[in-house]
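Below is one structure, written out as structure tokens, with a few remarks after it.
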Amino acid sequence: MTVTLRYFAWVRERIGRAEEQIDLPADITTVGELVQWLKARGPEYAHAFAKADVIRAAIDQTHVKPQAAIGGAREIAFFPPVTGG
Amino acid sequence: MTVTLRYFAWVRERIGRAEEQIDLPADITTVGELVQWLKARGPEYAHAFAKADVIRAAIDQTHVKPQAAIGGAREIAFFPPVTGG
Amino acid sequence: MSVSVQAAAFNIALEVRSLTAGRTDIGAVVTFTGIVRGEAKGHPITSMELEHYPGMTERELARVEALARGRWPLQGVRIIHRIGVLRPGEDIVLVVTLSSHRQAAFEAAEFLMDYLKTSAPFWKKETGADGVGMWVDAREADNKARERWESA
Amino acid sequence: MSVSVQAAAFNIALEVRSLTAGRTDIGAVVTFTGIVRGEAKGHPITSMELEHYPGMTERELARVEALARGRWPLQGVRIIHRIGVLRPGEDIVLVVTLSSHRQAAFEAAEFLMDYLKTSAPFWKKETGADGVGMWVDAREADNKARERWESA
């Protein structure tokens with residue numbers, strides 16, 4: 001399954017890109033598993049996700065918890081806690 | 001002692017005037033006593049102060065309770081509960 | 001002078017701008033505007049007249065402002081209360097509070113309105129479609145709203 | 001559409017007027033404006049950049065607005081959040097709430113700000129006098145402010 005990953009704020013800066021398409025391995029079923037898989041992709045990912053519990057995620061533009069099932073997600077985003085307003 | 005009395009809103013309308021000067025009898029020492037004395041002055045005063053506990057008072061432009069001493073007041077005002085804002 | 005009693009209308013943006021102009025220490029601005037409604041207790045009203053106690057009004061508003069400033073770290077306060085005859089849809093009152101953080105600005109604005117409603121010497125008279133003017137009764141809810149600050 | 005994400009500045013008076021024009025059922029209008037401060041943790045900042053997640057931002061703001069409308073009797077809501085580069089003293093965000101009575105307008109405005117601050121996908125980066133940009137950390141106080149609505 002192909003999924004678009006999007007990164008924002010310092011997650012984006014550390015990874016060095018704003019978005020990318022990935023082929024999701026069949027054994028990755030939750031957001032938390034995806035984070036672990038990404039961390040193994042290279043030092044920039046390891047750096048971005050070093051404190052994985054700080055990073056927030058959204059599936060198809062809705063906030064989700066790490067244990068959320070990826071299901072048929074088209075777009076998964078990772079970002080720091082929000083600071084608008 | 002001469003004191004200026006001022007009336008506002010429906011207290012003013014019932015009494016039929018916005019202000020007047022009175023010579024304060026020596027035995028009137030509190031706002032509450034002044035109200036009782038005013039009520040005896042005529043039907044328009046009796047009407048205005050019929051529900052004396054509803055009427056608010058101010059001495060020299062500061063809110064006071066009925067038991068407040070009149071002391072050297074120059075201006076005593078009577079009015080309904082405020083409804084601004 | 002941050003307290004005004006006036007017949008003229010006000011402009012929220014101009015009032016806020018005059019308080020914030022040239023400053024970079026303000027993080028939060030809260031405004032409250034009270035407006036004449038076209039109905040009172042289910043009956044249409046055509047106008048509202050505001051009577052007040054000149055002199056005492058300004059004193060009370062200044063006193064209430066001082067109470068708020070003693071309670072929250074405010075970088076600015078503005079109170080405007082209109083008097084005279086107003087029509088439905090017209091502004092009655094404006095309260096503006098400025099602070100570094102939003103909680104203080106929100107709380108101070110609520111506090112100012114609760115105190116203003118229960119202590120500033122204004123009285124409203126509403127005129128209905130029949131041309132008869134009726135003095136507005138004080139609301140118990142306003143006393144309750146004020147009391148929460150006294151017990152806090 | 002009562003939610004806007006835009007680079008352009010806004011005018012509070014015009015926004016309020018567009019919500020109240022021709023209406024006589026509104027008694028209370030509360031506005032909150034968030035402004036860029038010239039200092040962060042004691043250090044001067046020269047600019048702030050706001051990044052956001054286009055699409056999700058509008059969805060979150062609309063969701064938060066719907067939550068507020070479900071909780072208070074509101075006659076209007078407006079949310080504007082600016083993006084891009086802003087300087088100290090410039091407006092960041094505007095929330096406007098309209099109701100018949102002031103308590104609802106105040107509470108809904110506070111609620112909207114608390115939810116906006118903790119769920120709308122915006123991120124602030126502050127640039128100091130040395131030209132170095134620093135991402136702003138989320139404030140625990142904002143999470144606490146939001147939690148009070150969840151237990152209420």
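Values below: all heavy atoms of this structure, side chains included; hydrogens, waters and symmetry mates excluded.
- Listed by first then second residue, pairs satisfying side-chain hydrogen bond (donor to acceptor under 3.5 Å, both in side chains) with a partner in residues 9-22 of chain D read E15(D)-R78(D), not counting sequence neighbours.
- Evaluation of the salt bridge (charged side-chain N to carboxylate O under 4.0 Å, His left out) rule for R23(D) yields D25(D) as partners, not counting sequence neighbours.
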Please table the atom pairs, donor to acceptor, closer than 3.5 Å between any side-chain atom in residues 26-44 of chain D and protein atoms at least two apart or in another chain.
unit_1, atom_1, unit_2, atom_2, d
T31(D), OG1, T31(C), OG1, 2.5
H43(D), ND1, K41(D), O, 3.2

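- Rounding to the nearest 0.5 Å places CG of L38(A) at 10.5 Å from CD of E44(A).
- Residues of residues 107-121 of chain D lying under 4.5 angstrom from chain A, judged on non-hydrogen atoms, are M113(D), L116(D), K117(D), T118(D), S119(D), A120(D), P121(D) by number.
- For the options K124(D), E60(D), R139(D), H52(D), heavy-atom pairs under 4.5 Å to chain A are most numerous at K124(D).
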Ring pair (Phe, Tyr, Trp, His ring centres under 6.0 Å) between F122(D) and Y53(D), worked out: CA-CA 7 Å; F122(D) 291 98; Y53(D) 184 170; over 10 Å; no

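- In this structure, chain D has no heavy atom under 4.5 Å from any part of R56(A).
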S151(D) vs E147(D), side chain to side chain donor-acceptor pair (under 3.5 Å): CA-CA, chis, key distance, verdict: CA-CA 7 Å; S151(D) 58; E147(D) 279 166 18; over 6 Å; no

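- Taking the six-membered ring for Trp and the full ring otherwise, F78(A) and F8(A) have centroids separated by 6.0 Å or more.
- Within the 4.5 angstrom heavy-atom criterion, no atom of E49(D) approaches chain A.
- In this structure, chain A has no heavy atom under 4.5 Å from any part of D142(D).
- Contacts between A9(A) and chain D at a heavy-atom distance below 4.5 Å involve backbone atoms as well as side-chain atoms.
- Dense packing is recorded around CZ of R41(A), with more than 12 heavy atoms of other residues, nucleotides or ligands lying under 6.0 Å away.
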